[in-house]
Amino acid sequence: MTVTSKKAPLRLVLDPAAVLHHRSAPVRTFDSALRHLVDEMYERCREWNGVGLAAPQVGVNIQMAVIVYEGRRFAICNPEVISAEGEVDSPEGCLSMPDHSGLVRRSERTTVRYRNVQGKGVQRDFEDWLSRIVQHESDHLFGTLCSDRLAPGATFGPVSADEAPEEGTEEVAAKPRRRSRRAGGEEAAQPAGQEL
């Protein structure tokens with residue numbers, strides 16, 4: 001699918017918009033229009049205090065998302081989780097469902113194969129918080145919201161005043177309170193991706 005450049009600023013799409021609940025089309029063309037969209041999404045992600053933003057959240061029906069976290073930023077296109085280990089339940093919210101959150105179960109470690117914005121294949125391992133962000137954004141590309149991945153017995157609803165995330169921690173809420181099924185351990189640094 002080819003991305004067409006828009007002059008109007010990107011707008012955040014809110015649930016229950018249909019684009020958030022359907023599988024997006026794979027990215028087939030890696031051109032200047034895609035790079036322009038990625039740059040705009042980086043800006044909106046920062047403006048909206050997110051750590052990630054998926055194309056369907058701005059009304060674009062393609063499998064592409066941007067991650068902006070701890071001074072790093074990168075785009076993923078056509079992601080595929082090829083392995084996952086461990087389980088962690090942590091609070092999560094979403095820009096497209098403002099002021100709501102719930103306890104979401106995610107894999108603690110994932111290996112993801114995707115294409116970068118130039119179309120090059122990358123395979124990369126993610127752990128802990130960055131793994132959660134990548135899973136959250138990848139889910140958006142297949143019509144799955146964080147409210148669809150709640151931990152057993154958890155509910156997704158309005159955030160009370162004492163639970164509100166700190167400034168700059170929207171999308172996936174503040175660093176997780178670990179509820180890991182594996183013995184403790186410190187968060188590992190993320191290795192660089194490998195081009196395929």
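Positions are given from 1 along the sequence. Quick note: numbers below take in every heavy atom, side chains included, and nothing from hydrogens, waters or symmetry partners.
For the atom pair CG of Leu103 and CG of Asp89, the computed distance is 5.0 Å after rounding to the nearest 0.5 Å. Annotation: the span from Asp139 atom CG to Ser147 atom OG amounts to 10.5 Å, rounded to 0.5 Å. Once rounded to the nearest 0.5 Å, the distance linking CG of Leu150 with CZ of Arg105 reads 10.5 Å. Residue Cys146 holds its SG atom at 4.0 Å from CZ of Phe156, rounded to the nearest 0.5 Å. Ser96 contributes atom OG, which lies 6.0 Å from atom CG of Leu14 (distance to the nearest 0.5 angstrom). Rounded to the nearest 0.5 Å, atoms CZ (Arg115) and CD (Glu80) are 11.0 Å apart.
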Task: Worked verdict on Phe74 versus Asn116 for side-chain contact (heavy atoms from CB on, under 4.5 Å) - done: CA-CA 8 Å; Phe74 59 96; Asn116 66 18; over 6 Å; no
Task: Residue pair Val117, Arg35: steps toward the side-chain contact (heavy atoms from CB on, under 4.5 Å) verdict - done: CA-CA 6 Å; Val117 72; Arg35 290 188 294 277; 3.6 Å; yes
- [ ] Check the pair Leu34, Val27 against side-chain contact (heavy atoms from CB on, under 4.5 Å), reporting the backbone distance first and the verdict last.
- [x] CA-CA 9 Å; Leu34 179 67; Val27 176; 3.9 Å; yes
- [ ] Given side-chain contact (heavy atoms from CB on, under 4.5 Å), test Leu145 with His21 step by step and report yes or no.
- [x] CA-CA 8 Å; Leu145 301 179; His21 295 275; 3.6 Å; yes
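Salt bridge absent: Glu87 and Arg106 never bring a charged side-chain N and a carboxylate O closer than 4.0 Å. Contact check on Arg109 versus Asp125 returns no salt bridge, with no Lys/Arg side-chain nitrogen under 4.0 Å from an Asp/Glu carboxylate oxygen.
Both cation-pi conditions hold for Arg73 and Tyr42: the charged atom is under 6.0 angstrom from the six-membered ring centre and inside a 45 degree cone around its axis.
Leu95 approaches Gly50 most closely through the heavy-atom pair CD1-CA, 4.2 Å. The two atoms that bring Gly52 and Cys45 nearest to each other are N-SG, 3.5 Å, heavy atoms only. The nearest pair of heavy atoms linking Gln63 to Ser24 is NE2-O, 2.8 Å. Between Pro26 and Asn78, the closest heavy-atom pair is CA-OD1, 3.3 Å. Here the shortest heavy-atom pairing between Thr110 and Ser131 reads OG1-OG, 3.0 Å. When all heavy atoms of Ala75 and Tyr114 are compared, the closest pair comes out as O-CE1, 3.7 Å.
Counting heavy atoms from C-beta outward, Arg149 and Thr144 have side chains that approach closer than 4.5 Å. Side-chain contact between Val60 and Val19 is absent, with no heavy atoms from C-beta onward closer than 4.5 Å. Taking 4.5 Å as the limit, every side-chain heavy atom of Arg113 sits out of range of all side-chain heavy atoms of Thr111. No side-chain heavy atom of Pro9 sits under 4.5 Å from any side-chain heavy atom of Glu40. Residues Pro56 and Asn61 are not in side-chain contact: their nearest non-hydrogen atoms beyond the backbone lie 4.5 Å or more apart. Looking only at side-chain heavy atoms (C-beta outward), Leu130 and Gln135 stay at 4.5 Å or farther from each other. When side chains are defined from C-beta on, Val112 does not count as touching Gln123, because their heavy atoms never get closer than 4.5 Å. Between Val68 and Arg46 there is a side-chain heavy-atom pair separated by less than 4.5 Å.
Side chains of His100 and Asp15: no donor on one and acceptor on the other come within 3.5 Å.
Cluster membership for Leu141 and Leu10, using ILVMFWY side-chain heavy atoms within less than 4.5 angstrom, is not shared. Clustering ILVMFWY residues whenever any of their side-chain heavy atoms sit less than 4.5 angstrom apart, transitively, puts Val81 in a cluster other than the one holding Phe142.
No donor-acceptor distance shorter than 3.5 angstrom exists from the side chain of Gln57 to the backbone of Leu53, with no hydrogens or angles considered. Side-chain atoms of Ser138 come within 3.5 Å of backbone N or O of Val134 as a donor-acceptor pair.
Checked against Arg132 for a salt bridge (charged side-chain N to carboxylate O under 4.0 Å, His left out), the options Glu92, Glu108, Glu127 give a single hit: Glu92.
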